[in-house]
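What follows is a short report on a single structure.
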Amino acid sequence: QVQLVESGGGLVQPGGSLRLSCAASGSISSIWSMGWYRQAPGKQRELVATITRDGSTNYADSVKGRFTISRDNAKNTLYLHMNSLKPEDTAVYYCNTKTLLSDATLQGYWGQGTQVTVSS
């Protein structure tokens, strides 16, 4: 199993920046990929960015060029650097990891979420 704890959310003005962190613990060696998702009021949870074990990244079109996903393997920590924030980025941001099981399937885990509010 993997445990995920997000931090770094808060209130920021439009155009500002935030860095979210996700600390992972548990069966770290089984992690196949990690990512950030978000859920805005009245909307379904959506993918923001993912990163695989080889470092390949994927971004939602809405954040491409503004957000950067990265990780520090030594600290078992995932980051989301958010720049040029817009009010529409307001959401609860969730850390997610997929672990590789013995039958080669993937098991997903979620953090508790951290609130990001972009408002003047």
Side-chain angles (χ1 to χ4, degrees):
Q1 72 284 350
V2 176
Q3 296 80 43
L4 305 172
V5 179
E6 302 100 329
S7 62
L11 176 64
V12 64
Q13 294 185 346
S17 300
L18 282 175
R19 186 184 75 168
L20 305 183
S21 299
C22 172
S25 61
S27 301
I28 304 301
S29 62
S30 67
I31 292 178
W32 187 257
S33 64
M34 297 189 73
W36 290 96
Y37 293 72
R38 67 186 182 186
Q39 187 165 17
K43 296 185 178 181
Q44 293 188 338
R45 190 172 299 183
E46 65 176 352
L47 182 147
V48 176
T50 60
I51 186 167
T52 59
R53 296 182 72 175
D54 66 353
S56 298
T57 58
N58 183 53
Y59 297 91
D61 288 340
S62 59
V63 307
K64 193 172 298 182
R66 300 188 297 119
F67 291 9
T68 302
I69 188 171
S70 63
R71 66 186 180 212
D72 186 333
N73 290 332
K75 297 181 179 180
N76 295 322
T77 301
L78 180 74
Y79 301 100
L80 184 67
H81 298 261
M82 305 185 294
N83 299 313
S84 302
L85 284 162
K86 305 174 181 179
E88 49 263 47
D89 294 319
T90 296
V92 177
Y93 284 71
Y94 297 91
C95 182
N96 172 266
T97 183
K98 290 178 168 56
T99 61
L100 186 64
L101 303 180
S102 59
D103 62 356
T105 59
L106 297 175
Q107 173 69 54
Y109 295 90
W110 294 95
Q112 83 288 347
T114 185
Q115 176 72 48
V116 172
T117 302
V118 184
S119 176
S120 59

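- When all heavy atoms of Gln112 and Val5 are compared, the pair lying nearest together is OE1-CA, 3.7 Å.
- Here the CG atom belonging to Leu78 is positioned 4.5 Å from the CD1 atom belonging to Ile69, to the nearest 0.5 angstrom.
- Taking the charged nitrogens against the carboxylate oxygens, Lys86 and Asp89 have no contact shorter than 4.0 Å, which rules out a salt bridge.
- Val48 places a side-chain heavy atom less than 4.5 Å from the side chain of Leu80.
- In this structure, OH on Tyr37 lies 5.0 Å from CG on Asn96, to the nearest 0.5 angstrom.
- In this structure, OH in Tyr59 is found 12.5 Å from CZ in Arg66, a value given to the nearest 0.5 Å.
- Partner of Ser30 under the side chain to side chain contact (heavy atoms under 4.5 Å, CB included) criterion, chosen from Thr99, Leu101, Leu106: Thr99.
- No more than 12 heavy atoms of other residues, nucleotides or ligands sit less than 6.0 Å from atom CD of Gln44.
- The closest side-chain heavy-atom distance from Thr114 to Val92 is not below 4.5 Å.
- Every residue meeting the side chain to side chain contact (heavy atoms under 4.5 Å, CB included) condition with Ser25, not counting sequence neighbours, appears here in chain and number order: Gln3.
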Exercise for the section: Apply the test side-chain contact (heavy atoms from CB on, under 4.5 Å) to residues Arg38 and Ser62: give CA-CA distance (whole Å), side-chain angles for both, the deciding distance (0.1 Å), then the verdict. Expected result: CA-CA 12 Å; Arg38 67 186 182 186; Ser62 59; 3.3 Å; yes
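- A cation-pi arrangement is present between Arg45 and Tyr94 under the rule of less than 6.0 angstrom and at most 45 degrees off the ring axis.
- Within a 6.0 Å sphere centred on CH2 of Trp110, other residues, nucleotides and ligands contribute more than 12 heavy atoms.
- Among pairs with a residue in residues 5-25, none fulfils salt bridge (Lys or Arg N to Asp or Glu O under 4.0 Å), at least two apart in sequence or across chains.
- Under the salt bridge (Lys or Arg N to Asp or Glu O under 4.0 Å) criterion, Lys43 pairs with no residue, sequence neighbours left out.
- Interatomic distance, CZ of Arg53 versus NZ of Lys98, reported as 15.0 Å (0.5 Å rounding).
- The structure places SG of Cys95 at 11.5 Å from OH of Tyr79, a figure rounded to the nearest 0.5 Å.
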Practice task
For Gln107 and Tyr109, run side-chain contact (heavy atoms from CB on, under 4.5 Å): C-alpha distance rounded to whole Å, both residues' side-chain angles, the deciding distance at 0.1 Å, then the answer.
Solution key: CA-CA 7 Å; Gln107 173 69 54; Tyr109 295 90; 3.6 Å; yes
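- Once rounded to the nearest 0.5 Å, the distance linking CG of Leu18 with NE2 of His81 reads 11.5 Å.
- Put simply, the side chain of Thr50 does not reach to within 4.5 Å of the side chain of Ser33, judged on heavy atoms.
- Linking Ile, Leu, Val, Met, Phe, Trp and Tyr whenever their side-chain heavy atoms come within less than 4.5 Å leaves Ile51 and Leu47 in two separate clusters.
- Defined by atom type and a distance below 3.5 Å, a donor-acceptor pair is present between the side-chain atoms of Ser17 and Asn83.
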